[in-house]
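Every heavy atom of this structure was used, including side-chain atoms; hydrogens, water molecules and symmetry mates were not. Each chain gets a letter, A, B and so on, in the order its sequence line appears, and its residues count up from 1.
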Amino acid sequence: MALLDVKDVTQQFGGLRAVSSFSVALEERELVGLIGPNGAGKTTIFNLVSGFYQPTMGTIRFKDQPTAGLKPNHVTTLGVSRTFQNIRLWNDMTVLDNIRVAHHSQLSYGFFGCSFRSARYRDQEKDITANAMKTLEALDLDQYADEFPKNLPYGTRRKVEIARALSIHPRLLMLDEPAAGLNTADLTGLIDLIGWIHKEFPITIWMIEHQMQVVMSLCQRIQVIDFGATIAEGTPTEIQNNPAVIKAYLGDDTI
Amino acid sequence: MPWGGALLASILQNTLNALQWGSFYSLIALGYCLVYGVLLLINFAHGDVYMVGAYIAFFVATFLLASGGLPGWVVLAVTVPITMVLTAAVGVTLERVAYRPLRRKGAHRLYVVVTALMCGIILENGNLALLGAASRAFPELVTTTVFSLGDVKLTNLKVAVIVVAIGSFLILETIVSRTKIGMAMRALSYDRFALPLMGIPPDTVIVFTFVLGSSFAALAGLLFAMSYPVLDPYMGAMVGWKAFIAAVVGGIGEIRGAFAGGFLLGFVEIMVAAFLPSTFRDLIAFTILLFILWMKPTGLFGVARFQKI
Amino acid sequence: MKNYTKPILAAGLWAMIAWLFLSGRADGYWLVALILWGGGATFAFYGGERAREYGFWVVLGTLSVGAWWLFFQDRRMDSDWILCIHLLLGAMGLVRLFGRAAPAWNAPFLLAVLLFCLVWLSYQESINVYFQSVLMFTGINIIMATSLNLVNGYMGEFNCGHAGPMAVGAYVSSLMTVALFGKSQVFGDPSLSPALALFGFPFCLLVGMAAAAFIGFLISIPSFKTRGDYLAIITIAVSYIIKSTIENMNVIGGARGFMGMGQVTQAMDKAPQVFGLKTSWDLPWMMIWVFLGTVFSVWLLRRFVTSTYGKGIIAICQDEIAAEIMSVNTNRMKIAAFMLSSGLAGLAGGLLAHAIGYVNPSTFNILKSTEALLMVYLGGMGSLSGSVIAAVLFTVLVDALRFIIPILNSALHWAHLIPSSYEVSQVWKWVLIPLLLVVIMRWRPEGLMGNRELTDYFPGLRDYFRFK
Amino acid sequence: MKRYAWLIPVLLLALIGFGPPLAAAEDVIKIGFNIELTGDIPDVGEASKNAAEYLKNQINNAGGFDVGGKKYKLQFIYEDNEAKAESAVSAAQKLITQDEVLAIVGPQASKQAVPAGEAANNLETPMISPWSTNPNTTKDRPYVFRGCFLDPFQGPVVAKFVTEEFKAKKAAVLYDIASDYPKGLAEFFKAAFEQMHGAGSIVAFETFTTKDKDFSAQLTKIVASGAEILFVPQYYNEVPMIIKQAKQLGWTKPIMGADAWAGGDLMGLCGDDCKGHFFPAHYSNVGAKGETKQFIDNYTELYKKTPDDVAALTYDAIGVVLAAIKQAGLTGKVKKDRTAIMEAMGKLKDYPGITGTMTFKPDGDPIKCAVVVKINNEGKFEFYKSVCP
């Protein structure tokens, strides 16, 4: 049984078909890449999986459970977590708070719990903080816990965002162009980091990326889409030599 | 109860009333909309700029009447441009003194909005403090003629107001969509930082926007003063808020939206007062507006700006 | 700055002591006490690190104990003000010395002493009814500003109809108290003994809060889909609808307003008789309720926004999409924020109605909402202490200008700066206040506090109160 | 140093507490004015202040006010209530406890007078509202008085007048629902008129909201309703617009006003349109004699406008307070004096005011006549008929 099972999903925005009958099945502990030219519909697929859009057609099942109609926060609770193409941290909250708030859907105390500081409130806040600090330490970010993300360098912000996504112990981690905007030195660090996460945590990683260096060295399996439809699938080496992929990226020089 | 012909006459009469009343909302809403479209700033002082316009028109007109012995229509013809220029100067001064420094310092948008709100209060009470409490009567520049079409009564002023409102809308629409500076205005609303890179000075565009908005507010103030000839310092406050509501219901930032929203609000208010118990006018009018926003959360003509994730 | 503050403060202190002595306001005992006080302060100003740390507070602590002792012994007071200032300073000293043992109790202890001082001063008529009402309006404005800050500051929405839920809270709680404890044309005789008013009043306020929170719930539903300026319109429209509805309800007075709360607040004085304790105490109960209400509001809001649960709304403000995808249930948080904010506005309204003894729908017009907005943005979006400071500043300024403008007028006339025919009237108040705000905005475009708290600027204050 | 920053406010607080007590001058009579200097109806506040200043200068220039053989200077303290209910309360409290006035004159409009009356009554200070016609202002409040007739009196006066004068059987009303005074008066008029002509004789009962400028929809309805008379119980600044718009929509029948028409510069705003209409007033400034004429002439000369009802009523209200002070005598103890003044005021018989003679009923309302005035062709308010209770 696949962890994430996307079947024939189509997304229509007015007249524009952003994704057309896209299917994928991700197994436990896989590291899969999703590539394609700009505007191919990659981020839309991520948005569909994380529940931000509801697919026009098709089904998405996570842990064998349909996610149709669920709100994004609900999907997160099931164990899907993600990062964003252009970093979306809460800039006026400390790094530690950023990670704590990501635990929001796990909170079981409500408004009255937080106003009366109930026992459950205190326990949970303690657990959350401990867990957040553990994640920060694991990613070597603990010295930034009280900094504001807006004051951090770009590479560190990327890392904080990954930490935020990772901190809630997801089963599926979706990385949307984690290497965008990084310099070469950061890039090597990022490849090591993703590899390390994949090794260290019981987690499936699904990644959109343009940097071939990252994709080729990390992914076990790559799926290529163009105009919302899959055009190729296979191991990195297979993809590298696939004529359809070359055509999609470089254009059709026969015309 | 009016039946048959009487009902028809009543509907026609109220339609005319609504067109006149909606014209004022539209004219003021256009000013809100211009500034909002360019700066994303709700210029809450706009209603009071319009009040200042009415007062300037009053002083210019009384001065001209007193000094020249000119006929009314000449005075009116001279008053219109002078009022527009002077009021535009007030609008631009507000922009220079209050909003621009904040913008330069990168203040949050809502701080500028609240500053605008405060500027409005300053204008209202400054007027009261300097000119005294007495309301003023606007001189009658053009003799009001009442035309009767059966039971429906029409005045020359009413027709003029409606024509001017529609004309202003057409002029503004042309400026914004056809001229070079209009293009710059639209560009500015999309990307404030790219515009200077294209060689267009954004401050010039902003000043032009304020000139445009304030001078049309002045026009509205002048016409308002002619139609409802009692001027008081607080006359702009309520109309200003309601015109803002109209602009938003139309879809703020859209010229067509502001125009349509103004007339819509005028229609709803007048028709509710006319055909339902007038006691519930505000209640029903605002419920209808809420319902419209519920159906179309970005207003009648507004388009939700797509946010890329 | 650093070099001059100490001498100025010390000189001011000694000048005050000298003046108290020379004007015959301090008798023998108090003179000794004051000199000890001044000496301790000077010692602390110029002493070394250790003196600064402890000496000052030790002296004040002793003095305070002395003051308490005197108070219970023979009430030898020359001035209630001296007593109260000593009590406050002494309490601060005690907190400073022993407060680390149980930091959670520091703020409640200080607030209790402050409340005692206020009640004592009003009981002794050292602060008159007018000053008491200014204090009450300050408290009410604090509730109004801080609660609006939750939505406008922390959540980043633009609610400009805060007066709407206030009106609902005011009317519902007033109708309840009058129906239960007062005689009126609408409800006839009281249904409960007026002697119970003291205990029933907070309950009625809670019902008013609940009704106002329901309005908040109604506003929050469109906020799922609608944001920004469109939501602003919805809030304005709701407040108009509320005002208009009340105006149309002739049963409760309509535009004429509703009254009768005065007898209820007077009935509170008789409360001790319920226990068979006949006292002649005439405590300023409304002031006590406003004080408690203010503390309650700030306390509740502070607890809300410092919890991870409440920080969800800050996440919505800073990036709603990220908040939604990263596990915040945005709809539920919006409901919570609007309900809390409106509920507290209802509390402010209920207290206002009882402090004035009269409600009128046009009290809750757009100007009231504008005042609330002014306070929030003057204090800074997302800063509770900023809202508190702004509310205090605003209320005090409004009433201080009553005194300042006539002085200004005569000064300007004396200097021949304005023609003798023109008088600077109270109208200038509403020019000066907004002007001040515009000037402050130019100087600090993020409001007085930005989105930081007082303790961020003055970390020393953490000794007295902590927010977490 | 920041550690001691808190000392600054503490010291300031201390200084306030130790501040010099206000020196109470012996030979001064302090009267407070709680009036609408800003807000919706600033004209009203201005007129009250003018009338008060006029009276004060008159008495002080003559050496002061004589109580029990001793001359006192008058000191008037003007507080602005911003035309807001809560400000009216705090202004009243300030006047009573901070300035320690003997009595308060104002507020003028009922919206402020009702809550301020509560405060004054609780603090046991006599208050007289010159212009508030709402019954609640004085109801069950021994310390609160008023200087004018009430809405329950004025409504029937108007109803009776239009019936007799215009033989009207169907009437229309246009009023501001969000304002206390017009609403109350409209309802009293409706009740009285329907009592005379049966239910349904008010063929149009139309409303608008404060600060509205356009009444065309309501007026269209009124014109179509076949009413013979239009009753407009509005303030002077709304009346011109209503009358103009009514004319433009084809209304040719008479329009009847209320006493608030005379609250400001009606004719300056209205011009020719208002001529020929009637309204009940507290006094008429045309054809006045004696002290009334003297007041009108002096006031007109001083402030370049004719005194309106508010000015005349305020002048009378201060006169009533002073007469009561003279009768009660002064002991120098403020609290005792206030009670004495209140009692003296209640017992005042036939006080000869410029707006007519006044005797207070036990609830603090005066027994007073109303005058129906006609706006004549010169724009003057001409005496037409006097209606007494």
> When the ring planes of D:Phe76 and D:Phe33 are compared, do they come out parallel, tilted or perpendicular, using 30° and 60° as the limits?
Replying inline: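 Judged by the thresholds at 30° and 60°, the geometry between D:Phe76 and D:Phe33 is tilted.
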
>> In terms of relative ring orientation, are B:Phe244 and B:Tyr32 parallel, tilted or perpendicular, with 30° and 60° separating the classes?
In response: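 Plane angle between 30° and 60°, so tilted.
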
> Can you list the residues that meet the ring pair (Phe, Tyr, Trp, His ring centres under 6.0 Å) rule with B:Phe259, with sequence neighbours excluded?
Replying inline: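 Result, ring pair (Phe, Tyr, Trp, His ring centres under 6.0 Å) vs B:Phe259: B:Phe169, B:Phe263.
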
Heavy-atom contact with chain D under 4.5 Å, split by part of [X]:
| X | answer |
| --- | --- |
| B:Ile270 | both |
| B:Met271 | neither |
| B:Phe280 | neither |
| B:Val146 | side chain |

> Does atom CZ of B:Phe147 have more than 12 heavy-atom neighbours from other groups under 6.0 Å away?
Replying inline: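 Atom CZ in B:Phe147 is packed in, count exceeds 12.
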
> From B:Leu7 CG over to B:Leu12 CG, what is the distance, rounded to the nearest 0.5 angstrom?
Replying inline: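 Between atom CG of B:Leu7 and atom CG of B:Leu12 there are 10.0 Å.
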
Are there any donor-acceptor pairs closer than 3.5 angstrom between chain B and chain D, and if so, which ones?
unit_1   : atom_1 : unit_2   : atom_2 : d
B:Asn17  : ND2    : D:Ser216 : O      : 3.4
B:Asn17  : ND2    : D:Thr220 : OG1    : 2.9
B:Ala134 : N      : D:Asp43  : OD1    : 3.4
B:Tyr228 : OH     : D:Asp214 : OD2    : 2.2
B:Asp232 : OD1    : D:Lys213 : NZ     : 2.9
B:Ala273 : O      : D:Lys221 : NZ     : 3.4
B:Ala274 : O      : D:Lys221 : NZ     : 3.3
B:Leu276 : O      : D:Lys221 : NZ     : 3.3
B:Ser278 : O      : D:Thr207 : OG1    : 3.2
B:Ser278 : OG     : D:Glu206 : OE1    : 2.9
B:Ser278 : OG     : D:Thr207 : N      : 2.9
B:Ser278 : OG     : D:Thr207 : OG1    : 3.3
B:Thr279 : N      : D:Thr207 : OG1    : 3.1
B:Arg281 : NH1    : D:Asp212 : OD2    : 2.8
B:Arg281 : NH2    : D:Asp212 : OD1    : 3.4
B:Arg281 : NH2    : D:Asp212 : OD2    : 2.7

>> Quick test of your reading: applying salt bridge (charged side-chain N to carboxylate O under 4.0 Å, His left out), list the pairs with at least one residue in residues 53-70 of chain B, sequence neighbours left out, ordered by first then second residue.
In response: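 Residue pairs passing salt bridge (charged side-chain N to carboxylate O under 4.0 Å, His left out), neighbours aside: none found.
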
> Which salt bridge (charged side-chain N to carboxylate O under 4.0 Å, His left out) pairs, counting each pair once, include a residue from residues 52-69 of chain B, with sequence neighbours left out?
Replying inline: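 Not a single pair qualifies under salt bridge (charged side-chain N to carboxylate O under 4.0 Å, His left out).
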
>> Quick check on D:Ile177 against chain B: is it the side chain, the backbone, both or neither that has a heavy atom closer than 4.5 Å?
In response: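 Only the side chain of D:Ile177 comes within 4.5 Å of chain B.
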
